[in-house]
Structures are given as structure tokens and as C-alpha cells.
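What follows is a single structure, written as C-alpha cells, with notes after it.
Numbering of ligands and ligand atoms starts at 1, following listing order.
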Amino acid sequence: MPEPLVLTSDAGAVRTLSLNRPAALNSFTTEMHGELMAALDLAAGDPEVRCLVLTGAGRAFCAGQDLADPSVAPDPAPGAAPKDLGHVISAYYAPLVARLRSIPVPVVAAVNGVAAGAGANIALCCDLVVAGRSASFIQAFTRIGLVPDTGGTWLLPRLVGSARALGMAMLGDKLPAEETARIGLIWQCVDDAALPETAAALASKLAGMPTRALVATRQAMAAAQDMDLDAALAEEARIQREMGNANDYREGVEAFRAKRAPVFKDR
Ligand code: T3D
């Protein structure tokens, strides 16, 4: 049996998915895309899973596209036809971003080492990003003549403003995790040794929270970026009406009034 390219482990209601091609810094092949999507679909459909952690096996989080993949890398033969990278993005990376942004549970990225190219933007697509101090983020695209993909053009200016987004994307420099936390690109930078327990604690906390409200918060904040204030206020009213009809709201208020811990169950 070949080694799985995505490892799955459960601890209570938290499922951890680890990208598992450490010799190539967990860079993406089509097979790894397939295994990751299947694992995300399984988690989305499993009512016992209330939070996901995405991380990498070995010393890296993910180095983006596997540049040794012959179906993607340019053929050095003179006159060889160029590969259709648009297809690679539309068939693999765009659906992965859409899945991560719509999955019905919160997602924590535990960035354990370098996150480059699509690997960086996959981490940044997650709801909370926590990184070990030795980790780094590289918008590696321009280094090889490409533009940011995997949601980078949308995410980066929203996370850190267009001046920093353009600097990161055009220069392609390695940003240490500590600096990314300082500029608000990620949620938190912790000592390497503390990363697993920090990510687990964050995920466990999120797993005990009202899942539906967390996911609606992700969606509402993303949608509001393209709205004026009046539209955002109207959207908040629409979503809050939905939340008000859910069991978790009743449970949250009852628990508050009874001075006990709430037990949220909606998903
Ligand atoms: O289809 C398309 O191309 C469109 C989609 C694009 C999406 C993208 O993600 S484009 C960006 C692709 N990624 C990169 O350009 C990053 C390439 N990697 C690096 O720049 C460096 O490896 C790192 C900065 C990430 C880490 O550097 P370092 O010094 O810590 O490690 P290393 O020695 O460079 O790499 C270790 C091994 O991993 C090495 O293999 P070896 O020599 O030990 O057998 C290296 O070749 C391999 N590796 C690292 N990144 C990739 C990779 N192999 C294939 N693809 C990679 N992306």
C-alpha cells in the first residue's frame, strides 16, 4: 500500500489533516489534491467533526505546486507546447479554495514550516492561522514568472492592505512567521514546540463553540468586503434571523441565564 498523501487523525471533535509528501516539502501533485479534497468532503459530511486542523508532515507546511510534476512543468524540448496552467488552477486550486472557504466547520492552519506559493495561500484561506516561529510565508509565484493564485490576489490585499500585498507578491521574499503575525497576515506565531498544543487548544475551543454561527461569521465577513455599509447591515439582519431560529442560540441564552456552560450541537 502506498503511503497516504494526506494523513487523518481525530481527537474528540477535532480532525487533523496532514499533507504528507515531506521529501518534496508537501508540494501538490494531482494525487495529493484528490486525497485532500476527499478528506475535506469526508470531514464536511461527518457530523462528529466540529473543527479541522490543516498541517504538514515533516519540516514544511507546503511548498505549493510540485514543480517536478511533468504534467505541469514546462517541457524543455525546443518548440514543446506550453502546459495549460489555467487548467491546473481551475481544476485543482480554485475548487480547493472554494471547499476550504465553504466547509461547514471552522478550519485552523497549523503552519509548521515554510508555506510557499499555493501552499501559503492555502494556509491563509483557513479561518485561523497559527504558525511556529521557524515557519515562513513566501509568495513564490513571481520567482518563477507567475502571478499569485489560490486566492492570493483576493486574500492578500484584504488581509494586509494593497501596499503590503503588492510588496509580498511582487518581491516574493520570505516573510518570517513572527513578521506575518505582526502585520496581521496570520492570527498567531508561537514557539515551534508549542505549535501542536496551541493549534489543538484553538481547535478544541472552536469545536465547542456554535459551529453554524462560526461558519456564518466567515461567510458574512467575506461577503461584506464587497458591500457598502447599508448592504452589510441588511445582510447581518438576514443572517441573524437565521441564527435566531437555530437551537444553538436558544442554548446559548439559556446557558447564560442558568450560569452554566453551553452545549452547542448545531452544525
Ligand atoms: O501549475 C502551476 O505551476 C500553477 C500553479 C502554481 C501554484 C504554485 O504554488 S506556484 C509556486 C510553486 N512553489 C515554489 O515555487 C516553491 C519552490 N520551493 C522553494 O522555493 C524552496 O524549496 C522553499 C523556499 C519552499 C524551501 O527551501 P529549502 O531550502 O528549505 O528547501 P529545498 O532544499 O529547496 O527543498 C527541499 C526538497 O523539496 C528539494 O528536493 P531534493 O533536492 O531534496 O530532492 C526540493 O526540490 C523539493 N521541493 C521544494 N519545493 C518543491 C519541491 N519539489 C517540487 N516542487 C516544489 N514546489
Side-chain angles (χ1 to χ4, degrees), residues 2-3 5-7 17-37 40 54-77 80-101 109-126 129 131-156 159 165-180 185-186 189 192 195:
E3 174 92 349
L5 302 176
V6 176
L7 304 173
L17 302 179
S18 305
L19 305 176
N20 188 35
R21 300 185 68 238
L25 305 190
N26 303 320
S27 54
F28 270 91
T29 56
T30 51
E31 290 77 17
M32 195 169 89
H33 272 291
E35 289 193 27
L36 181 57
M37 280 299 259
L40 291 172
L54 184 60
T55 192
R59 73 173 175 91
F61 176 77
C62 173
Q65 171 63 41
D66 184 328
L67 298 174
D69 182 341
S71 63
V72 167
D75 184 339
K83 301 286 171 24
D84 181 357
L85 299 192
H87 168 74
V88 177
I89 302 302
S90 316
Y92 299 104
Y93 289 101
L96 175 55
V97 172
R99 194 70 184 105
L100 285 168
R101 299 290 295 184
V111 180
N112 52 304
V114 65
N121 293 340
I122 286 163
L124 298 176
C125 279
C126 296
V129 187
R133 208 167 298 284
S134 70
S136 54
F137 292 76
I138 310 174
Q139 292 296 317
F141 306 92
T142 52
R143 291 182 177 193
I144 55 168
L146 298 180
V147 300
D149 59 31
T150 316
T153 57
W154 187 90
L155 273 168
L156 295 172
L159 287 169
L166 271 175
M168 288 165 56
M170 293 180 95
L171 299 172
D173 286 340
K174 180 187 274 204
L175 278 194
E178 203 151 11
E179 171 72 355
T180 62
L185 187 70
I186 68 166
C189 168
D192 289 348
L195 180 64

So, N121 versus Q139: side-chain donor-acceptor pair below 3.5 Å or not?
yes

Which pairs of N or O atoms, one from ligand 1 and one from the protein, are separated by less than 3.5 Å, and what is the distance for each pair?
{"from": "ligand 1", "atom 1": "9 (O)", "to": "Q65", "atom 2": "N", "distance (Å)": "2.9"}
{"from": "ligand 1", "atom 1": "9 (O)", "to": "A118", "atom 2": "N", "distance (Å)": "2.9"}
{"from": "ligand 1", "atom 1": "13 (N)", "to": "A63", "atom 2": "O", "distance (Å)": "2.9"}
{"from": "ligand 1", "atom 1": "30 (O)", "to": "R59", "atom 2": "NH1", "distance (Å)": "2.9"}
{"from": "ligand 1", "atom 1": "30 (O)", "to": "R59", "atom 2": "NH2", "distance (Å)": "3.4"}
{"from": "ligand 1", "atom 1": "31 (O)", "to": "R59", "atom 2": "NH2", "distance (Å)": "3.0"}
{"from": "ligand 1", "atom 1": "55 (N)", "to": "L67", "atom 2": "N", "distance (Å)": "2.8"}
{"from": "ligand 1", "atom 1": "57 (N)", "to": "A63", "atom 2": "O", "distance (Å)": "3.1"}
{"from": "ligand 1", "atom 1": "57 (N)", "to": "Q65", "atom 2": "O", "distance (Å)": "2.8"}

Can you sort out the partners of I144 under side chain to side chain contact (heavy atoms under 4.5 Å, CB included), two or more places apart, ordered by chain and number?
L67, L146

Using side-chain heavy atoms (C-beta onward) and a distance below 4.5 Å, is M168 in contact with L185?
yes

Under the side chain to side chain contact (heavy atoms under 4.5 Å, CB included) test, residues paired with A68 that sit two or more places apart
D66

Sequence neighbours excluded, which residues qualify as ring pair (Phe, Tyr, Trp, His ring centres under 6.0 Å) partners of Y93?
F28, H33

Tell me whether T142 contacts the main-chain N or O of G145 through its side chain, where contact means a donor paired with an acceptor under 3.5 Å.
no

